[in-house]
Number of protein chains: 2
Amino acid sequence: MTAKQFTSVWTREPRQGKTQGLTRDQIVRAALEILDAEGLDALSMRKLGAKLGAGATSLYWHVANKEELLELAFDEIWGEMSIPDPGSAGWRDTGWAFAHGMRKVILRHPWVAGLIGRMPAIGPNSLRAAELLRKGLHQAGFRGLEEDYAGAAITAFVFGSVIPEVAWFSAAAEKEYDAESMREIIRTAAADYPELVARAEEYTARDPAAVREMNFAFGLACVLDGLERRLVT
Amino acid sequence: MTAKQFTSVWTREPRQGKTQGLTRDQIVRAALEILDAEGLDALSMRKLGAKLGAGATSLYWHVANKEELLELAFDEIWGEMSIPDPGSAGWRDTGWAFAHGMRKVILRHPWVAGLIGRMPAIGPNSLRAAELLRKGLHQAGFRGLEEDYAGAAITAFVFGSVIPEVAWFSAAAEKEYDAESMREIIRTAAADYPELVARAEEYTARDPAAVREMNFAFGLACVLDGLERRLVT
DNA sequence: ACCTGAACACCGTTCAAGT
DNA sequence: ACCTGAACACCGTTCAAGT
């Protein structure tokens, strides 16, 4: 009945590595290498330990568990996002750059897609980004809860766009599916809905990267238009 | 080098259960019970087998692997979505109802959040829903690729909103974290960003379910406004 | 302070064997 | 046609023991 205490990597001091042995940074860097090269499912404590020339269980000295290690890795990559200071650019440009920046980071590190929403984004890099977005929206004129809502709308759209995007291309890539056989499956599965099939055919006939870009730009423009309208009235 | 053939549960006939033994339906229903009661991570082939009074490995006669079993379960729940026929309602109402319907389904079955984007949504229920959305947007006036983009914008927003929503409350619920200790962590982690902390305080001070509802409604209205504007001009 | 190895309690899946 | 059990190759994590 008594509620458990919530704890977090971000409010606990890392154990201090004087000079010897492993450091938390080293571990996170090695984890990122595995994640980038082989994906989320490929990261195991044993494999990570081996890569560092240590036993798997040694890692537990530096990190409470795998979940917290992933929190550290998750935050790390948001450091790559370059966001224009909302002071100089207009809020709409800031939102645009923010959304595209997030998307690029996720496409560069597809494994994050599997972590989004699973962990609190309260690491330093996540917070830095959140603060810049908040500042931009505040300058735009949003106040109080609407400041949150507006920011949530943008990030929700980005996450919801990019998660399936990543899943499709990384599944297709790592399993090397034949594109034509995928189309064939869709044709027969959706045989009852000819218009849906027609849409899928046109969609897949073009350069996939370009279509996805346009898809993203279209939706983002909708969200930003909606926000703008909420400011005017 | 030769690309692998893509296969799918949806285009393969289920092995026919004459009268005896397990059926695929039975397995999927039992899986859904475990998923609803205990969540995605709690579903294992062994546990599912035991629930059905069978060996874990018996399941592999009816289902190729766990992934395909999850595809079946994933599609099943979209059957609960009731969508107004776009013929009678206006497209904006259809979009609104569609988005809220999706959200409700996900909140009722939080485990789906972990599957979104991970599998092709080409089961019968998913397709039925997709077709209704497509029809609504077509009637609204969208044509060609914009029909896809408009639909993708709506679903992206819904998924991106609901995934973190589900993650937070289900993590908080199942681990029974003390709400005050979570606020405390945020306060110290975000100590450098007083405005961000202030936002979080206001956000968490209110009835969480109501705030999330408003958050969702706000963002959805933005997306729909944006779509509307793209129709007019 | 840091690391190790053995051990525990799990996984998904394959496959020869049974009925 | 359907199910079983043993087995394989893994997991994350704990903990007493080492240095």
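In what follows, chains are A, B, ... by sequence order, proteins preceding strands, each numbered from 1.
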Identify, with sequence neighbours excluded, every residue that meets side chain to side chain contact (heavy atoms under 4.5 Å, CB included) alongside B:Val211. A:Tyr149, B:Tyr203, B:Arg206
A:Phe6 meets the ring-ring contact (aromatic ring centres under 6.0 Å, His included) criterion, sequence neighbours left out, with B:Tyr177
Rounding to the closest angstrom, what is the interatomic distance between D:dC3 and C:dA16 at atom C1'? 13 Å
Ignoring backbone atoms, test whether B:Trp61 places a side-chain nitrogen or oxygen under 4.0 Å from the OP1 or OP2 oxygen of D:dC2. yes
Got a sec, which residues hit side chain to side chain contact (heavy atoms under 4.5 Å, CB included) with B:Thr188, two or more places apart in sequence or on another chain? A:Thr11, B:Glu184
Any salt bridge (Lys or Arg N to Asp or Glu O under 4.0 Å) pairs touching residues 71-81 of chain B, not counting sequence neighbours? B:Glu80-B:Arg108
Contacts of A:Ala156 meeting side chain to side chain contact (heavy atoms under 4.5 Å, CB included) (sequence neighbours excluded), chain-then-number -> B:Phe157, B:Ser161
Listed once per pair and sorted, the salt bridge (Lys or Arg N to Asp or Glu O under 4.0 Å) pairs that draw on residues 51-62 of chain B, sequence neighbours left out: B:Glu33-B:Lys51
Can a salt bridge be assigned to the pair B:Glu131 and B:Arg134 using a cut-off of 4.0 Å between side-chain N and carboxylate O? yes
Listed pairs under 3.5 Å, donor-acceptor, residues 189-199 of chain B side chains, sequence neighbours left out:
unit_1, atom_1, unit_2, atom_2, d
B:Arg199, NH1, A:Gly144, O, 3.1
B:Arg199, NH1, A:Asp148, OD2, 2.6
B:Arg199, NH2, B:Glu202, OE1, 2.5

Whole-Å P distance, C:dA9 and D:dA9: 23 Å
The contact string for nucleotides 4-19 of chain D, one letter per nucleotide 5' to 3', using protein heavy atoms under 4.0 Å with B, S and - for base, sugar-phosphate only and none, comes out as BBB----BBBB-----
What pattern of brackets, bars and dots sums up DNA chain C from 5' to 3', given Watson-Crick or G-U wobble pairs under 3.5 Å, [ ] for crossing pairs and | for another strand? ||.|||||...|||||.||
Would you please confirm or rule out a distance under 4.0 Å between OP1 or OP2 of C:dC3 and any side-chain N or O of A:His62? yes
